[in-house]
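Since the structure comes first, as structure tokens, the remarks are kept for the end.
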Protein chains: 2
Amino acid sequence: MSVTIKDIARKLGITHSSVSRALNGKPGVSPELRRKILETARQMGYTPNAMARGLVTRQSMTIAFIVPDFANPFFVEIAHAVNSTASARGFTTIMCDNQWDHEEELKQIRLMAEKRVDGIIIKSFGEDDSYLLDLGIPVVKLNPATSPDLSSIDVDNVLGAYLATEHLIQCGYQNIAFIGSHTDTQTFSDRFQGYARALSHYLRTVDARLVCQGEYTHESGARCYDQLLATGVPFDAALCENDMIALGVYDRAMRDKKKIPEEFGLIGYDDMFFAGLPMTQLTTMAQPKQKIGVKAAHLLLDLITHPDKTKQRHLVYKPELIVRKTTRPI
Amino acid sequence: MSVTIKDIARKLGITHSSVSRALNGKPGVSPELRRKILETARQMGYTPNAMARGLVTRQSMTIAFIVPDFANPFFVEIAHAVNSTASARGFTTIMCDNQWDHEEELKQIRLMAEKRVDGIIIKSFGEDDSYLLDLGIPVVKLNPATSPDLSSIDVDNVLGAYLATEHLIQCGYQNIAFIGSHTDTQTFSDRFQGYARALSHYLRTVDARLVCQGEYTHESGARCYDQLLATGVPFDAALCENDMIALGVYDRAMRDKKKIPEEFGLIGYDDMFFAGLPMTQLTTMAQPKQKIGVKAAHLLLDLITHPDKTKQRHLVYKPELIVRKTTRPI
DNA sequence: ATGAAAGCGCTAACAT
DNA sequence: ATGTTAGCGCTTTCAT
């Protein structure tokens, strides 16, 4: 068994409350006794028990970060920012990945509640947030806010997709496909909406045969490209819901010996790290991932540490088009 | 405040020990009472307090996964496997990333000890493992074992680098550079050793001017390439300590209009997901990441749940060369 | 089958 | 400045 404050107290012939005070830097201990306590604690190899402390303070100094999929580098980057920020403020982050499984997501939330995390940052994909509200702890959603009682940090996906599509049109591409993921995600419908708006604003209404759905993987992107091809409807450009998908499309277009960007234009989304690599050079819509992660963490921690002073915030960042080599010059 | 078992007990006019028994599926509660308890717990919105439980059971049902850098996809993939495996067995994983900072690493270990994690999986980069041994909990190192009291799962890096270098030689490259990371890591020295062995076995001893060190990033790889170039010593191939580095080298070689693989051969390490993409097609040395993660988690959890039945294990996996387009056919 | 009581390691009033 | 006491919410003997 490990050393407790009582062990230290016994060894020194004092009470454990003095030890607690000393160890926590609280007033009410004479300098010399404090020194002795610290010294003894050190040499006895004392390690405070966070569970015991948390039980009485009602704080676990832990937050949860829940996202659908850590195979997606986008979430990993945000996770990293969250983790560093939280860590710098003394909090530990537990990261959860639920493979787009709603049941699993609920289980994780429940488990985090049992662990008594002090707050949650979540990219959820369901509609219903009641279970988040019931938790009674601060929650920052990485989705558009559905309830004023939850905070949210988001990027304007409609705008992003609109701008990307607009760019493709201005580049002179005529038949622009949209290749996305699950229909039931907010992200999909927002980006699709932006795409549809730009299309009907500049060209014509959406041709449903030019819309394809799958997953957030390059395999899925490749598959969608092939499906699109199979329909026989011509297309000379594609807006992809994210860079992974775009990569798969890129691959297939190269296989078909299409000249990029001359004969085929391609825009991804998220500016994942490989998008900027020399061999990729993918035009993409960038989101301020770093900012999102840092801000989400700070917001959540503020909500935790001074709930009153922090106003519930709902931030919406703007995405930014990064033009590289997969779209032809305007 | 949230609902406790005492609240449930009070409401039902019974003791909290019965509630505890019922909730934990332990014997000693009549079927009907159990049913009533479960029902009441549900409708009162009871959520067990893991900290309180952990305090008495001396189990947190949590493990820690500590690696130098989550910007490295290699670690992310392993983390993912660890996380899923642990989760399936009812354990939560806390992931820590310490930016190759040894002080930070120690801090994290200490913090995890305070949280009373039940075990640790760690890719450590120091020499001294005494602080890990002192913890008194199971530890699985993702490095070669330094102490018989720690378990370890590792891949033979010397062999891997040897095989890669051998391949480059068999392809007919004459002047093979080694581009790596920090000198002080075990990984570096192992892979360098494999490189050196193959070189002196087949060609000649290592030319120190063809060895360059930096970090695990493509920027660093590019920088090293330029440095190598600046020395004026000719080189027509490079073995990189990982794929990120190789990417940077790839970039620069393309910039210099070198024909790959005709004029310049390149081998990476780790088979990160982008290595296999059509636009990359990097020859690389693959490690069984999935296997490592899953095995590490299982081993650790076995060590935790039945310490006696599990023998301390030291596994060494074999790496596998994946030949793609950055090395010319033999 | 149920209840009573002790205690996990700690913090925080409240005494002294 | 130090000690005493009472929990935090839970599991676990030990009685009944």
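Just so it is clear: chains get the letters A, B, ... in the order the sequence lines come, proteins before strands, and each one is counted from 1.
Residue-to-nucleotide proximity on DNA chain D shows that, of A/Pro27 and B/Thr47, the 5′-proximal contact is made by A/Pro27. Both B/Gly13 and A/Tyr46 lie near DNA chain C, and the one whose nearest nucleotide falls closer to the 5' end is B/Gly13.
As judged by a 4.0 angstrom heavy-atom cut-off over every strand, B/Ser20 is placed among the base-contacting residues. Among the heavy atoms of the strands lying under 4.0 Å from A/Thr15 is at least one base atom, whether or not backbone atoms are also near. Heavy atoms of B/Pro48 sit under 4.0 angstrom from primed sugar atoms or phosphate atoms, though from no base atom.
Axis angle between the ends of the helix from C/dA1-D/dT16 to C/dT16-D/dA1, five pairs each and rounded to 10 degrees, works out to 40°.
Between the side chains of B/Arg89 and B/His298, at least one donor N or O sits under 3.5 Å from an acceptor N or O. Using a 3.5 Å distance cut-off with no hydrogens or angles, the side chains of A/His80 and A/Glu77 do not pair a donor with an acceptor. There is a side-chain donor-acceptor pair under 3.5 Å between B/Gln287 and B/Asp270.
Of the listed residues (A/Asp129, A/Asn143, A/Val67, A/Ile66), just one forms a side-chain contact (heavy atoms from CB on, under 4.5 Å) with A/Ile122, and that residue is A/Ile66.
The side chain of B/Thr57 places no N or O atom within less than 4.0 Å of a non-bridging phosphate oxygen (OP1 or OP2) of C/dC8. A close approach under 4.0 Å does not occur between any side-chain nitrogen or oxygen of A/Arg58 and OP1 or OP2 of C/dT11. Dashed line: the shortest gap from a side-chain N or O of A/Asn24 to OP1 or OP2 of C/dT11 is under 4.0 Å. Dashed line: the shortest gap from a side-chain N or O of A/Ser18 to OP1 or OP2 of D/dG3 is under 4.0 Å. Between A/Arg53 and the phosphate of C/dT11, there is a side-chain N or O to OP1/OP2 separation shorter than 4.0 Å.
Proximity of a side-chain donor or acceptor of A/Lys295 to a complementary backbone N or O of A/Leu315 within less than 3.5 Å is not detected. Formation of a donor-acceptor pair under 3.5 Å by the A/Asp7 side chain with backbone atoms of A/Thr4 is found in this model. Using modelled atom types, one side-chain atom of A/Arg116 and one backbone atom of B/Pro48 make a donor-acceptor pair closer than 3.5 Å. Under the 3.5 Å distance criterion, the side-chain polar atoms of B/Asn83 are left unmatched by any main-chain donor or acceptor of B/Ala79.
Note: CD1 (A/Ile8) to C1' (C/dC10) measures 12 Å, nearest angstrom. In this structure, A/Arg35 atom CZ and D/dA1 atom C1' are separated by 17 Å, rounded to whole Å. Per the geometry, CD1 belonging to B/Ile5 stands 13 Å off C1' belonging to C/dG3, to the nearest Å. A/Lys6 has its NZ atom 12 Å from the P atom of D/dT5, to the nearest Å. The interatomic distance linking A/Leu55 (CG) with D/dG9 (C1') rounds to 5 Å, in whole Å. If you measure from atom CG of A/Leu12 to atom P of D/dA1, you get 17 Å, rounded to the nearest angstrom. Distance CG (B/Asn49) to P (C/dC8): 18 Å, rounded to an integer number of Å. One atom, CG of B/Asp7, and another, C1' of D/dC8, lie 13 Å apart when rounded to the nearest Å.
Applying the 3.5 Å distance criterion, the base of D/dT11 shares a donor-acceptor pair with the side chain of B/His16. No N or O donor and acceptor, one from the side chain of A/Arg116 and one from the base of D/dG9, sit under 3.5 Å apart. A donor and an acceptor atom sit less than 3.5 Å apart, one in the side chain of A/Arg21 and one in the base of D/dG3. With hydrogens and angles ignored, no donor-acceptor pair closer than 3.5 Å exists between the side chain of A/Ser17 and the base of C/dT11.
For A/Ala52, taking side-chain heavy atoms from C-beta onward, the closest of the listed nucleotides C/dT2, D/dC10, C/dG9 is C/dG9.
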